[in-house]
Amino acid sequence: MNKKYFFPFLLLILISAAKLSVNHDHWNFKDYDKIEYDLKMSALNEVGYLNQKNGVKVSAYLIVDVIDSLSSNVLVINKKIIEQVNDSVTTFDQIQLEDDLIFEKYTKDGNIEGKISDEAVALKDILFPILAKDIEVGETINEKFIIPFDLANQVIELEVINVISKTKSENGINTYLGTMSSPEYKIENPQIESMIVFFKGETEFQFDNQKGVFLNQETDFSFFVKGKLNKEELSDILTFRIKQDIKLKSLK
């Protein structure tokens with residue numbers, strides 16, 4: 001897999017926001033100068049037929065830096081690689097990474113009116129999803145988006161559906177669960193028969209209507225690449241898994 005995508009792409013997985021508008025759940029930028037989150041994420045690239053694993057664990061802060069009542073800039077600061085897996089060997093040396101401006105002019109409705117960093121484009125529609133309309137507990141809403149996946153220098157655009165349901169609403173705090181999936185896409189490969197790629201994942205998040213901020217989000221998703229290595233049945237060729245955890249740290 002192209003490490004140009006694997007490395008920076010992974011580190012900034014947590015910076016996304018769905019481009020939707022809402023009746024109730026939308027950011028409150030009037031009362032804050034900064035909204036700060038703790039970020040934890042892991043990304044693992046597993047090559048099944050070689051029994052090989054490579055990946056990273058990263059910690060960082062996500063900062064929603066408010067410009068005015070309508071917009072903000074979103075940054076990731078104090079990024080550190082705290083664990084690495086290379087050829088299935090784990091090391092724990094910390095590596096400090098550069099800060100990044102991810103979204104420029106990110107609005108209270110989750111739209112991005114300015115620049116988006118290259119690393120954040122791929123997954124801008126997964127994290128902090130603002131729903132197109134209010135739903136009741138037990139109801140669902142479907143959101144569709146495109147997510148690019150780089151496989152051997154070929155960028156495949158996967159059409160993903162995120163089925164979001166409201167699971168709880170209590171004391172002004174709404175809890176949601178999203179189940180994400182894509183169709184199976186056929187890949188032409190002269191060495192591997194019946195090669196396919198697809199996407200699956202889940203995300204759970206809470207929004208505080210009284211404060212007007214997201215409280216947390218946990219996401220776990222994978223890209224799967226399968227094919228007939230022995231010409232009889234589909235085998236796991238590559239599994240690319242990302243897990244992330246975001247928690248509100250402070251409001252300033």
> Got a sec: does the CG of Asp33 have more than 12 other heavy atoms crowding it under 6.0 Å?
Replying inline: no

> Under 6.0 Å between the ring centres of Tyr37 and Tyr61?
Replying inline: no

> Tell me, which pairs form a ring-ring contact (aromatic ring centres under 6.0 Å, His included) where one or both residues lie in residues 154-176, sequence neighbours left out?
Replying inline: Tyr176-Phe205

>> Taking salt bridge (Lys or Arg N to Asp or Glu O under 4.0 Å) as the definition, give me every residue that meets it alongside Lys144, ordered by chain and number, with sequence neighbours left out.
In response: none

> Relative to each other, are the rings of Phe199 and Phe223 parallel, tilted or perpendicular (30° and 60° limits)?
Replying inline: perpendicular

>> Applying side-chain contact (heavy atoms from CB on, under 4.5 Å) to Ile130 and Phe214, what does each step give before you reach the verdict?
In response: CA-CA 10 Å; Ile130 296 179; Phe214 285 88; 3.9 Å; yes

>> Once side-chain hydrogen bond (donor to acceptor under 3.5 Å, both in side chains) is applied, do any residues pair with Ser59, and if so which ones, sequence neighbours excluded?
In response: none

> Can you list the residues that meet the salt bridge (Lys or Arg N to Asp or Glu O under 4.0 Å) rule with Lys247, with sequence neighbours excluded?
Replying inline: Asp245

> After noting the C-alpha distance and the side-chain angles of Asn78 and Gln96, does the key distance pass the side-chain contact (heavy atoms from CB on, under 4.5 Å) rule?
Replying inline: CA-CA 7 Å; Asn78 197 29; Gln96 188 73 42; 3.4 Å; yes

>> Could you measure the distance from the OH atom of Tyr32 to the CH2 atom of Trp27? Nearest 0.5 Å is fine.
In response: 10.5 Å

> Does the side chain of Asp125 reach to within under 4.5 Å of the side chain of Ile146, using non-hydrogen atoms?
Replying inline: no

>> By the salt bridge (charged side-chain N to carboxylate O under 4.0 Å, His left out) test, which pairs, at least two apart or in different chains, include something from residues 213-223?
In response: Asp220-Arg241

> Restricting to pairs with a member in residues 41-56, which pass salt bridge (charged side-chain N to carboxylate O under 4.0 Å, His left out), not counting sequence neighbours?
Replying inline: none

>> Does Lys105 have more than 12 heavy atoms from other residues, nucleotides or ligands lying within 6.0 Å of its NZ?
In response: no

>> When you compare the side chains of Glu113 and Ser71, does any donor N or O come within less than 3.5 Å of an acceptor on the partner?
In response: no

> Can you tell me how far the OG1 atom of Thr107 sits from the CG atom of Asp68, to the nearest 0.5 Å?
Replying inline: 10.5 Å

>> Can you confirm whether more than 12 heavy atoms, excluding those of Glu159, are under 6.0 Å from its CD atom?
In response: no

>> Suppose we screen for side-chain contact (heavy atoms from CB on, under 4.5 Å). Which residues come up paired with Asp93, at least two apart in sequence or across chains?
In response: none

> Sequence neighbours excluded, which residues qualify as salt bridge (Lys or Arg N to Asp or Glu O under 4.0 Å) partners of Lys34?
Replying inline: Asp65

> Could Asp31 and Lys211 be called an ion pair, given the rule that one side-chain N must be under 4.0 Å from one carboxylate O?
Replying inline: no

> Any side-chain heavy atom of Phe103 within less than 4.5 Å of one from Leu75?
Replying inline: no

> Will you find, in the side chains of Thr219 and Thr203, an N or O donor that is under 3.5 Å from an N or O acceptor?
Replying inline: yes

> Excluding sequence neighbours, so at least two apart, what forms side-chain hydrogen bond (donor to acceptor under 3.5 Å, both in side chains) with Thr175?
Replying inline: Gln206

> Sequence neighbours excluded, which residues qualify as side-chain hydrogen bond (donor to acceptor under 3.5 Å, both in side chains) partners of Lys57?
Replying inline: none

> When Ile156 is tested against each of Asp150, Ile187, Val225 for side chain to side chain contact (heavy atoms under 4.5 Å, CB included), which residue passes?
Replying inline: Ile187

> With sequence neighbours excluded, what pairs up with Asp236 under the salt bridge (Lys or Arg N to Asp or Glu O under 4.0 Å) test?
Replying inline: Lys226

>> I want to check something: taking the side chain as every heavy atom from C-beta on, are Ile95 and Gln84 in contact at a cut-off of under 4.5 Å?
In response: yes

> With Glu36, which residues qualify under side-chain hydrogen bond (donor to acceptor under 3.5 Å, both in side chains), at least two apart?
Replying inline: Ser250, Lys252

